[in-house]
Asker: 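My questions will all concern the structure given below.
Every heavy atom of this structure was used, including side-chain atoms; hydrogens, water molecules and symmetry mates were not. Naming: A, B, ... by sequence-line order, numbering from 1 per chain.
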Amino acid sequence: MAFFEQHIHDEPTNFLKKYIFSQDHKIIGKQFLWMGIFFLGVGGLMALMIRWTLAFPGQAFPVIGQFLFPDTAGVIPPDTYAMLFTMHGTIMIFYAITPILIGAFGNFLIPLMIGARDMAFPFMNMASFWISFVSGIVLLMGLFTPLGAAASGWTSYPTLSTLIGDPGQGQTLWTVAIFMLGVGSTLGSINYITTIITLRAPGMGYYDMPLSVWGLFMTAVLNVIFLPVLGAGCLLLLFDRLFGTTFFLAGAIATNGSGDPVLFQHVFWIFGHPEVYILILPAWGIVSDLLAFFARKPAFAAKTTALCMICITALSTLVYGHHMFTTQMSPLLTQTFMTLTMTISIPSAIFFTNWLGTIWKGSIRLDSPMLFALGVVFVFGLGGLTGLYLATVTTDIYLHDTYFVVGHFHYTMAASVLLGGFAAIYFWMPKMFGVKMNESLAKWHFWLSMIGLNGIFMGMMIVGYGGMHRRLYNPFVYDFMQNLIPMNLFITYSAFLMGAAQLIFVYNFIATLISGEKTGANPWNVGTLEWTIPSPAPHYNFKEIPIVRCGPHEFGNPNLPPGKDFQYQTEELVKV
Amino acid sequence: MKWIFYHLGFLFFTPLMAEEHVAKKSYTLWDAFHMPENIEENGHLIDWLFNYTTIMITLFFIFVVIGIVGFCYFYHHKRHPKALYTYGTKRSQIIFATVIGTAVFFIIDINIVRISNDDFTKVFLNWPDETKEEVIKVEVLAQQWSWNFRLAGKDGVFNTEDDVVSTNDLRLPIGKKVYFQVTSKDVIHSFWIPNARRKVDAIPGRITRMWMKFTKEGKWDIACAEMCGTHHYLMKASLTTYSNEDFKNWLTQAQNHSLAENDRGTQDIYWGWNWN
């Protein structure tokens with residue numbers, strides 16, 4: 001292990017350098033957090049509009065509908081509906097979840113947890129945020145173009161996303177925005193990987209890193225490998241739109257030479273499937289840590305958990321074809337992808353065993369971060385298991401492009417990642433801002449969110465099983481879906497409950513920032529490195545670079561003196 | 001102020017009004033859950049595998065939930081103040097985790113893969129053979145936002161002037177194998193018959209295939225399952241399944257009709273292709 005000298009520069013005094021163009025990983029992390037929470041609000045509002053349309057087709061959206069859609073007296077028109085679900089998906093994946101879990105917590109936690117003073121490349125870190133920020137503005141600009149924002153789904157399959165299907169500038173801006181975001185995230189990920197490899201504190205081997213860092217590490221690896229692939233796809237699509245190339249045009253519309261629209265699906269999903277794991281791996285890492293912290297017990301088989309993360313990272317690159325069963329690939333490919341997809345359940349099952357093993361015979365404290373972490377185990381169980389139907393080619397032929405798929409990937413990507421993000425916010429709030437959130441409001445937030453999101457996503461799986469397909473403005477023009485109207489009403493009510501529950505969080509968050517209860521250096525009695533320094537974390541984190549002497553989850557060692565049930569990573573492991 | 005009350009009223013009462021509207025026809029709980037009625041000979045294979053998977057994963061998920069809830073109850077710090085100090089690296093613990101991982105793979109996954117693979121290769125990809133039995137061939141052309149269907153006319157050759165061509169209206173017999181070839185004129189669509197459990201994408205520039213054998217007479221929905229633009233939701237066609245005799249009568253009538261009425265001068269009627 002090489003050790004690099006980490007200089008301490010003076011804290012910038014100029015406001016612009018300190019808070020706007022800061023190169024401090026903690027400030028950049030907070031910037032990503034604000035950006036993520038803002039976009040989470042925008043994307044959530046879009047989700048409510050989508051749900052409203054599906055439950056009450058042809059009725060005006062309440063309160064703000066009159067302002068947003070004056071031409072139709074508040075009713076969401078079909079073309080706007082297509083823009084809403086496109087932007088909802090794009091915003092939630094690339095501009096809400098990615099900034100919160102990877103941007104905010106990746107930046108904030110990695111240096112603190114591995115005992116570094118900052119990231120390896122602070123300037124690149126700043127560039128990563130500002131490129132993402134500008135890309136977010138480019139995406140939103142699409143909403144104000146004459147033909148409106150991108151409207152071909154977050155997958156943007158050509159030929160619908162070429163000029164044939166979507167001649168507006170919104171789709172062009174979407175493509176540019178995603179390309180830029182890819183650049184920003186790649187910069188960030190290179191930074192994470194370098195930091196983790198080179199700047200670990202002396203004494204910290206890879207398996208002494210907290211599992212959160214492991215999750216973020218694997219995410220960064222996947223990001224670096226696959227975001228450039230998406231970038232390439234976006235560029236080709238951009239060429240098709242702007243320069244008249246025909247990479248993705250074929251058949252009667254390809255009057256100027258022929259390409260293949262399915263090519264884009266291959267390019268998109270070879271990125272798109274790892275993307276699922278890019279989003280979920282940080283949440284897995286955080287959950288694995290939190291379960292141990294709040295069960296006051298070492299993480300069960302932590303090394304295996306880390307190895308399973310590596311295993312899933314590798315496997316996730318080999319399974320993307322299950323998104324394309326209905327395009328009628330070669331049967332050999334179909335069978336291969338089906339079997340490979342199923343192998344992912346081995347590391348996943350070991351994950352669940354380790355999570356349950358961690359809380360087995362623990363001394364469990366059900367504080368709000370623990371509740372959210374357990375919530376992740378629950379919803380990811382549902383989301384992961386329902387993936388079996390979709391990996392299986394024959395059931396997928398029925399379920400593909402139905403609401404069953406929507407329910408499934410919302411369980412894995414939205415519900416578990418959202419709950420994981422909230423767990424992280426509640427847990428690291430003291431270290432980020434020096435204050436602790438109100439615990440009873442947090443519990444209300446948890447239980448209402450749990451009821452809401454299970455109502456929504458379970459309901460979606462049920463209507464999908466009933467045959468309701470995706471991206472329909474008004475599903476009830478079909479005879480065979482008439483019986484699904486009550487269930488759609490139920491989903492919409494659940495969505496509004498879920499939305500209301502997030503208001504509790506926003507209130508709690510803001511009230512805590514303004515007048516929260518101040519906390520000490522280590523309110524949760526946890527031994528990882530970030531808790532050895534004062535709260536909030538000072539400029540340049542560690543006055544002296546810590547020396548690591550034991551693992552991250554040292555709880556309940558019987559040799560510890562009475563009254564103490566954990567030890568810091570900087571302390572020698574207590575032995576008899 | 002008045003404005004706020006107006007909108008609040010809107011927010012609360014619109015859902016109630018909508019519910020009243022729905023309540024006109026009452027649904028049992030089962031109605032709100034079930035799949036569309038199966039009208040295809042092999043649809044039960046998909047239904048069976050769906051149910052099998054459901055049972056398997058429910059069993060596994062029940063274990064997980066029992067674990068979460070049970071451990072949180074019994075090992076709550078009030079009941080269990082001293083946690084067990086273990087890293088989970090004992091031989092017995094490693095064997096336990098490995099057994100669970102492999103058991104899930106071999107008992108649940110491999111079984112599902114095997115069954116699905118058999119269904120897929122032996123049934124769904126077992127294309128009808130014209131030399132052995134009568135096969136009804138249909139060419140499907142998707143476009144924004146309608147379905148065009150083409151049955152060969154009296155000469156049995158596609159893309160000739162006596163073809164039976166229709167838009168959003170497909171009529172087929174029961175008890176005979178129907179062979180679809182699907183393509184698209186503009187963007188990607190997906191040819192889906194929910195009652196027959198299967199769909200296949202309609203992709204510009206290539207032809208995809210699907211075969212079915214209907215078992216029940218009636219009128220059913222055909223839908224586009226892949227997002228294809230603003231009016232994706234209106235891309236709906238109807239499928240009428242006739243008994244053999246009715247189908248023959250209808251086909252003769254339709255063939256005569258198209259011979260008499262097709263405007264042979266326009267290129268528009270020759271969108272079909274040679275069956276391959």
Side-chain angles (χ1 to χ4, degrees), chain A residues 56 59 62-63 78-79 82 153 157 159-160 164-165 250-253 296-298 300-301 326-328 331 339 342 345-346 349-350 353 356-357 359-365 374 381 385 388-389 392-395 397-398 401 467 469 471-474 478-480 483 485-487 556-558, chain B residues 7 10-11 14 18 22 27 31-33 35-36 46 49-50 53 57 61 64 67-68 71-72 75-77 80-81 83-85 87-89 97 100-101 104-105 109 112-113 116-117 119-120 125 185-188 190 194 197-201 203-205 208 221 225-227 229-230 232-233:
Chain A
F56 314 113
Q59 296 184 45
V63 189
D79 53 343
Y157 281 177
T159 49
L160 185 61
I164 304 295
I253 42 170
R296 312 307 291 171
K297 191 167 165 279
F300 192 87
T326 56
T327 59
Q328 224 162 54
T339 317
M342 289 294 184
S345 69
I346 301 176
I350 295 177
T353 322
L356 290 177
I359 58 174
W360 166 71
K361 290 199 176 175
S363 174
I364 297 169
R365 282 148 180 76
L374 290 167
L385 287 168
L388 284 184
Y389 298 102
T392 312
V393 56
T394 43
T395 40
I397 287 175
Y398 176 66
D401 263 321
H469 40 300
R471 295 165 170 174
L472 291 183
Y473 174 64
N474 180 0
Y478 290 93
D479 293 336
F480 75 97
N483 58 330
I485 296 176
M487 190 51 82
N557 187 336
Chain B
H7 283 294
F10 208 73
L11 179 64
T14 320
V22 171
Y27 293 100
D31 284 332
F33 280 73
M35 271 177 164
I46 291 173
L49 193 61
F50 188 97
T53 315
I57 69 171
F61 190 63
V64 173
I68 298 176
F71 290 164
C72 285
Y75 302 127
H76 192 269
H77 69 99
H80 194 253
L84 175 73
Y85 184 62
Y87 290 107
T89 46
I100 297 239
V104 167
F105 183 67
D109 299 352
I112 294 172
V113 168
S116 171
N117 193 39
D119 294 349
F120 186 57
L125 292 185
K185 208 187 220 176
D186 36 41
V187 304
I188 298 178
S190 192
R197 303 286 184 269
R198 274 185 279 153
K199 58 172 79 73
V200 72
D201 285 0
I203 301 165
T208 48
D221 279 328
E226 182 68 61
M227 170 64 187
T230 305
H232 167 53
Y233 73 109

Asker: First locate atom OG1 of B:T53, then atom CG of A:L385, and finally report the distance between them rounded to the nearest 0.5 Å.
Answerer: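 Between B:T53 OG1 and A:L385 CG, I get 11.0 Å after rounding to 0.5 Å.
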
Asker: So, B:D201 and A:T326: side-chain donor and acceptor under 3.5 Å apart, yes or no?
Answerer: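 Yes, a side-chain donor-acceptor pair sits under 3.5 Å.
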
Asker: Of the listed residues (A:A301, A:A349, A:G251), which shares the most heavy-atom pairs with chain B below a 4.5 Å separation?
Answerer: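 Most pairs with chain B among the choices: A:A301.
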
Asker: For a quick test of reading the model, state the closest non-hydrogen atom pair linking B:Y85 to A:G556 and the distance between them.
Answerer: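 Heavy atoms only, the tightest pair is CB-O, 3.3 Å.
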
Asker: Could you tell me the separation between the CG atom of A:L472 and the CE atom of B:M227, rounded to the nearest 0.5 Å?
Answerer: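 It is 9.5 Å, given to the nearest 0.5 Å.
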
Asker: Using the test side chain to side chain contact (heavy atoms under 4.5 Å, CB included), find all partners of B:A225 that sit at least two apart in sequence or belong to another chain.
Answerer: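 Counting only residues at least two positions away or on another chain, B:A225 forms a side chain to side chain contact (heavy atoms under 4.5 Å, CB included) with A:D401, B:S190, B:W192, B:K199.
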
Asker: Does the side chain of A:H469 reach to within under 4.5 Å of the side chain of B:E226, using non-hydrogen atoms?
Answerer: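 A side-chain contact under 4.5 Å is absent here.
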
Asker: Top residue by heavy-atom pair count (under 4.5 Å) with chain B, among A:Y473, A:Y478, A:F480?
Answerer: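 The option with the most such pairs is A:Y478.
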
Asker: Among B:G101, B:G205, B:S116, single out the residue with the greatest number of heavy-atom pairs under 4.5 Å to chain A.
Answerer: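 Sorted descending by pairs with chain A, the first entry is B:S116.
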
Asker: With sequence neighbours excluded, tell me which residues meet side chain to side chain contact (heavy atoms under 4.5 Å, CB included) with B:L84.
Answerer: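 For B:L84 the side chain to side chain contact (heavy atoms under 4.5 Å, CB included) partners, ignoring immediate neighbours, are A:K297, A:W360, A:K361, B:T86.
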
Asker: Rounded to the nearest 0.5 Å, how far does OG1 of A:T394 lie from CG of B:L49?
Answerer: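 Result: 4.5 Å between the selected atoms.
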
Asker: Side chain from CB out, backbone as N, CA, C, O: work out which of these in B:D186 comes under 4.5 Å of a heavy atom of chain A, or both, or neither.
Answerer: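 Both the backbone and the side chain of B:D186 come within 4.5 Å of chain A.
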
Asker: Minimum heavy-atom separation for B:C72 to A:L374, with atom names?
Answerer: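 Of all heavy-atom pairs spanning B:C72 and A:L374, the closest is SG-CD1, 3.3 Å.
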
Asker: Please report the interatomic distance OG(A:S345) to CD1(B:I57), rounded to the nearest 0.5 Å.
Answerer: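 Rounded to the nearest 0.5 Å, the OG-CD1 separation comes out at 12.0 Å.
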
Asker: Could you measure the distance from the CD1 atom of A:I350 to the CD1 atom of B:I100? Nearest 0.5 Å is fine.
Answerer: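 One finds 10.0 Å between CD1 of A:I350 and CD1 of B:I100.
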
Asker: Is it the backbone or the side chain of B:I188 that comes under 4.5 Å from a heavy atom of chain A, or both, or neither?
Answerer: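 It is both, since atoms from each part get that close.
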
Asker: Is there side-chain contact between B:H77 and A:R296, with heavy atoms separated by less than 4.5 Å?
Answerer: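 Answer no - side chains too far apart.
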
Asker: Report the option among A:L160, A:T353, A:I359, A:T395 that has the most heavy-atom pairs separated by less than 4.5 Å from atoms of chain B.
Answerer: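 Going by pairs under 4.5 Å, I would pick A:L160.
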
Asker: Please say which of B:V113, B:D109, B:N117 ends up in a side chain to side chain contact (heavy atoms under 4.5 Å, CB included) with A:T339.
Answerer: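 Single pass found, and it is B:V113.
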
Asker: Where does B:I203 contact chain A at under 4.5 Å (heavy atoms): side chain, backbone, both or neither?
Answerer: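 For B:I203, the side chain is the part near chain A, not the backbone.
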
Asker: For the candidates B:F105, B:F50, B:F120, which exhibits the highest count of non-hydrogen atom pairs separated by less than 4.5 Å from chain A?
Answerer: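 Result: the option with the highest number of such pairs is B:F50.
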
Asker: Nearest heavy-atom pair of B:P81 and A:S363: which atoms, and what distance?
Answerer: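 For B:P81 versus A:S363, the nearest heavy atoms are O-OG, 3.1 Å.
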
Asker: Can you find a pair of side-chain heavy atoms, one from A:L356 and one from B:F71, that are under 4.5 Å apart?
Answerer: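 Side chain of A:L356 against side chain of B:F71, heavy atoms only: contact under 4.5 Å found.
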
Asker: For each of A:R365, A:R471, A:Q328, A:M487, tally heavy-atom pairs with chain B at distances under 4.5 Å, and name the one with the top tally.
Answerer: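 Looking at each option in turn, the highest pair count goes to A:Q328.
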
Asker: Taking all non-hydrogen atoms of both residues into account, name the closest pair between B:P194 and A:Y398 and its distance.
Answerer: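 Between these two residues, the closest heavy atoms are O-CE1, 3.9 Å.
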
Asker: Taking every heavy-atom pair that is under 4.5 Å apart, which of B:T208, B:V104, B:T89 has the most such pairs with chain A?
Answerer: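 The answer is B:T208.
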
